[in-house]
**Student:** 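Dropping the structure in here first, questions after.
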Amino acid sequence: MAASLSTGLDVHFAIPQSDTKRPIFFTRRKFTIYCNSSKSSSKPPQNPPVKRTPSLSEQLQPLSTTTLPKKDQAGLLSKPKSTWVNPTKPKRSVLSLQRQTRSPYAYNPKVRELKLFANKLSDCDNSEEAFLSVLEEIPLEPTRENALLILNSLKPWQKTHLFFNWIKTKNLFPMETIFYNVTMKSLRFGRQFELIEELANEMVSNEIPLDNITYSTIITCAKRCNLFDKAVEWFERMYKTGLMPDEVTYSAVLDVYAKLGKAEEVVSLYERGVASGWKPDPIAFSVLAKMYGEAGDYDGIRYVLQEMKSLGVRPNLVVYNTLLEAMGKAGKPGLARSLFQELLESGLTPNEKTLTSLAKIYGKARWAKDALELWEEMKSKNWPMDFILYNTLLTMCADIGLVEEAEQLFMDMKKSQHCRPDSWSYTAMLKIYGSGGNVGKAMEFFEEMSEVGVELNVMGTTCLIQCLGKAGRIDELVKVFSVSVEHGIKPDDRLCGCLLSVVSRCESRADVDKVLACLHRANPRLVRFVKLIDEEVYCLDTVKEEFKGIISDTKDDARRPFCNCLIDICLSKNLNERAHDLLYLGTLYGLYPGLYNKTADEWSLDVRSLSVGAAQTALEEWMGTLAKTIKHEEALPLLFSAQTGTGTHKFSQGLSNSFASHLKKLAAPFRQSEEKAGCFVAKREDLVPWLQSRLQT
């Protein structure tokens, strides 16, 4: 069989120079000659037709409405080189960077001498005068290669910028793109975007080409400086030149779009990049996961996981941490647990951030069993602990009611050299003892905080007052409140709600007055309203107007608790009708969405977000409405249900138990559902006769 040969022949052509100020460039034309023992032929390659570069808006259109280019866009980036290509290996990615040719200074025997001189420049004073003085001692002539070596060796960005300007003033050789790129990268370390943009505009003015690295440096610096609009601006300019973003730029711009809240642009750019040959790195997937997580988009998180698997991208620890945070915000503890197991099976070791995210998720979901297993695994495997993780674990224990585990954690913190308990650590312990009704321990920690110099925060004060209020130790409550205010604590809506709750539990008028005096220091208007609903002369319109004003001035998460406590206060004074008025007002102003629900087969009452007194009031209101429906002979469903939920906290007050007791007291035909805990059901044939009997009495 005849053997064949192929070789590449480089021919250099000079480009006519019209502008003497511009440096002369050369280009290469490559011809391939095929040789065979029987025949030979040579055929020059045909240049493909030049296609118009799509605009950025066209690039970001959904893939379903565009046609992907058939031509490899790498031709826009790379100059032909006389290198043999192995046909058995895959083509390089369209995103390969257009790197500058390696400088001959790597083989310069004077490299060591030049680097020592660069170190001397780096160590000199930052003033321009001192810098120029040292430059006079330069050991070798500043040729292109020598200057580039020194420029690349300088560390402080100020020195790099000074040396770059000095080179330009010497005018020893044409300034090329690589000099600007090296200088810009140094400036990026110093977050000097204005200087970088100034150099970029200088390149445009002097017709020095900006390559892929130039744009990438500009865009990533703008991102680091939180100048997201600038990053987008230069990204758009990059597209207009026909340059394709590299991996780093793609990930950076994805993050920029995400931070600007442009979710559609993020997805479109991601899809366009993948279709163009880009293989997303873990950073890009972290951006997508974070974006979907902050939006609580569970489907988006699943999409990220599926994309990683389909593209064969193995998550690193950063991606796992981002995904765990996203799942926590999306409220998916089960998926978070599965992902954590996948992390361990992959051979990675969780760090403090991983464990902190998981502990938060388990605590929020009240998953006591999983939280305990995590704690045991952390101890057995000696996983790393930091200050944030310690406090997160303490908070998790407080959320679930794990007293012994919290005490062990707190003792470990006391023994630690770097993770001593702070205000939040003590607050978690106050919450644990307060929820469990352990007043002695709670007061012991309160006194200890003063002794060791740890400041009490408003959350700690709230937990302690709640504990003292449940125990009926009003005098100590007043003392704690006074000490807290004197130490700079500013009572918030949650603390005011806690004081309102204590008022509803007080048995004597004297105790009520003491607690209201504390509340008056925090919210005088709220105290006036409490007195208004207790007056003999009662006007609903006046109550309605005042109630609206109070709720308007209260934060969203405290509005419903306020109304619950006010209803409880009315019930404690046997003002049942006024309690029903407050429930009506709360429903009117949207504090109880989803309280009453109807379907064709079932009518239901959902009291899971109500206090014990408010839930009983809502039940009575519902029964009254149903009685009127029966009286008017309107159609009724086959099933009725009331949902109280089940308290997952170890020290839950037990709304379900109190509700069941109230149903029993009323002799209502509701029974605990066998299929769903915290749900009471009644059939139509049982409920209707009971309601009719109440109408007759």
Side-chain angles (χ1 to χ4, degrees), residues 251 254-255 258-259 261 263-264 266-267 270-271 274 280-378 380-381 383-385 388-389 391-393 395-402 405 608 645-649 676-678:
S251 297
L254 281 176
D255 194 22
K259 283 183 168 63
E264 292 183 4
V266 171
V267 176
Y270 170 81
E271 292 178 348
V274 172
D281 58 7
I283 297 176
F285 285 113
S286 292
V287 171
L288 291 173
K290 185 176 181 181
M291 179 185 74
Y292 287 125
E294 290 179 347
D297 188 345
Y298 173 57
D299 291 332
I301 297 171
R302 286 198 307 175
Y303 167 73
V304 173
L305 291 170
Q306 292 169 357
E307 282 290 288
M308 293 180 73
K309 290 180 179 178
S310 65
L311 295 173
V313 178
R314 182 181 177 184
N316 59 20
L317 194 57
V318 175
V319 175
Y320 275 119
N321 288 345
T322 305
L323 286 169
L324 282 172
E325 287 183 3
M327 290 169 189
K329 292 177 180 177
K332 298 295 177 180
L335 188 57
R337 178 177 56 190
S338 300
L339 188 70
F340 183 69
Q341 291 303 318
E342 181 183 311
L343 180 155
L344 298 179
E345 291 169 3
S346 70
L348 295 173
T349 301
N351 61 11
E352 296 90 333
K353 190 173 183 180
T354 317
L355 300 170
T356 298
S357 297
L358 199 60
K360 285 181 179 178
I361 292 170
Y362 287 164
K364 185 177 181 180
R366 304 287 175 84
W367 282 19
K369 179 182 176 182
D370 294 273
L372 283 172
E373 290 177 354
L374 176 64
W375 170 236
E376 293 299 330
E377 195 169 12
M378 288 174 62
S380 63
K381 295 183 178 179
W383 282 339
M385 296 277 288
I388 296 176
L389 179 54
N391 277 345
T392 303
L393 288 170
T395 303
M396 179 191 73
C397 291
D399 290 336
I400 301 173
L402 303 176
E405 290 76 11
R608 286 177 292 184
T646 55
T648 53
H649 193 287
K676 186 177 181 181

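All residue numbers in this chain count up from 1 along the given sequence.
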**Student:** Nearest heavy-atom pair of A258 and V287: which atoms, and what distance?
**Tutor:**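 Closest approach of A258 to V287: CB-CG1, 4.0 Å.
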**Student:** Heavy atoms only: give me the nearest L254-A284 pair and the separation to one decimal.
**Tutor:**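 Nearest pair, atom of L254 first, then A284: CD1-CB, 4.0 Å.
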**Student:** Working note: E405 + L372, criterion side chain to side chain contact (heavy atoms under 4.5 Å, CB included); need CA distance, chi angles, decisive distance, verdict.
**Tutor:** CA-CA 8 Å; E405 290 76 11; L372 283 172; 3.2 Å; yes
**Student:** Take atom NZ of K364 as the centre, draw a 6.0 Å sphere, and report whether it contains more than 12 heavy atoms from other residues, nucleotides or ligands.
**Tutor:**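 Count not over threshold, so no.
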**Student:** Give the C-alpha distance, both sets of side-chain angles, the deciding distance and a yes or no for side chain to side chain contact (heavy atoms under 4.5 Å, CB included) between L317 and L343.
**Tutor:** CA-CA 8 Å; L317 194 57; L343 180 155; 3.8 Å; yes
**Student:** Taking all atoms of both residues into account, what is the closest heavy-atom pair of A359 and T392, and its distance?
**Tutor:**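 Answer, listing the atom of A359 first, then T392: CB-CG2, 3.8 Å.
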**Student:** Looking only at heavy atoms, which two atoms of V319 and P282 are closest? And how far apart?
**Tutor:**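 Taking V319 first and P282 second, the nearest heavy atoms are CG2-O, 3.1 Å.
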**Student:** So do R302 and D299 actually touch side chain to side chain, heavy atoms under 4.5 Å?
**Tutor:**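 Counting from C-beta outward, D299 and R302 do come under 4.5 Å.
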**Student:** Between OG1 of T395 and NZ of K360, what distance do you get to the nearest 0.5 Å?
**Tutor:**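 Nearest 0.5 Å value for the OG1-NZ distance: 9.0 Å.
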**Student:** Do L323 and I301 make a side-chain contact, defined as non-hydrogen atoms from C-beta onward lying under 4.5 Å apart?
**Tutor:**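 Side chain of L323 against side chain of I301, heavy atoms only: contact under 4.5 Å found.
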**Student:** Hey, could you give me the CG/CG distance between L374 and L355, rounded to the nearest 0.5 Å?
**Tutor:**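 CG of L355 is found 6.0 Å from CG of L374.
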**Student:** Should L305 and E342 count as side-chain neighbours, where that means a heavy-atom distance under 4.5 Å?
**Tutor:**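 Side chain of L305 against side chain of E342, heavy atoms only: no contact under 4.5 Å found.
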**Student:** Tell me whether R337 contacts the main-chain N or O of D370 through its side chain, where contact means a donor paired with an acceptor under 3.5 Å.
**Tutor:**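 Not a single qualifying donor-acceptor pair exists.
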**Student:** Rounded to the nearest 0.5 Å, how far does CE of M291 lie from OH of Y270?
**Tutor:**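 Atom-to-atom, Y270:OH and M291:CE are 11.0 Å apart.
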**Student:** Do the side chains of M385 and M378 get nearer than 4.5 Å, heavy atoms only?
**Tutor:**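 SC-SC contact between M378 and M385 confirmed.
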**Student:** Mind telling me whether Y362 and W367 have parallel, tilted or perpendicular rings, with 30° and 60° as the class edges?
**Tutor:**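 Parallel: the ring planes of W367 and Y362 meet at under 30°.
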**Student:** Once rounded to the nearest 0.5 Å, what's the spacing between atom NZ of K353 and atom OG1 of T356?
**Tutor:**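 That separation rounds to 9.5 Å.
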**Student:** Please report the shortest heavy-atom distance between E325 and S357, naming the atom on each side.
**Tutor:**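 So the two residues come closest at CG-OG, 3.3 Å.
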**Student:** Search all heavy atoms of G363 against all heavy atoms of I400 and return the closest pair with its distance.
**Tutor:**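 So the two residues come closest at CA-CD1, 4.2 Å.
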**Student:** Nearest 0.5 Å please: distance from the CE atom of M327 over to the OG1 atom of T322.
**Tutor:**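 Separation between the atoms: 11.0 Å.
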**Student:** Does the pair F285 and L311 meet the rule for a side chain to side chain contact (heavy atoms under 4.5 Å, CB included), with working shown?
**Tutor:** CA-CA 11 Å; F285 285 113; L311 295 173; 4.0 Å; yes
**Student:** Report yes if the side chains of L288 and E307 come closer than 4.5 Å at any heavy-atom pair, otherwise no.
**Tutor:**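 In short, these two side chains do not touch, never coming nearer than 4.5 Å.
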**Student:** Side chains of Y320 and S346: does their closest heavy-atom pair fall under 4.5 Å?
**Tutor:**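 They are in contact (side-chain heavy atoms under 4.5 Å apart), so the answer is yes.
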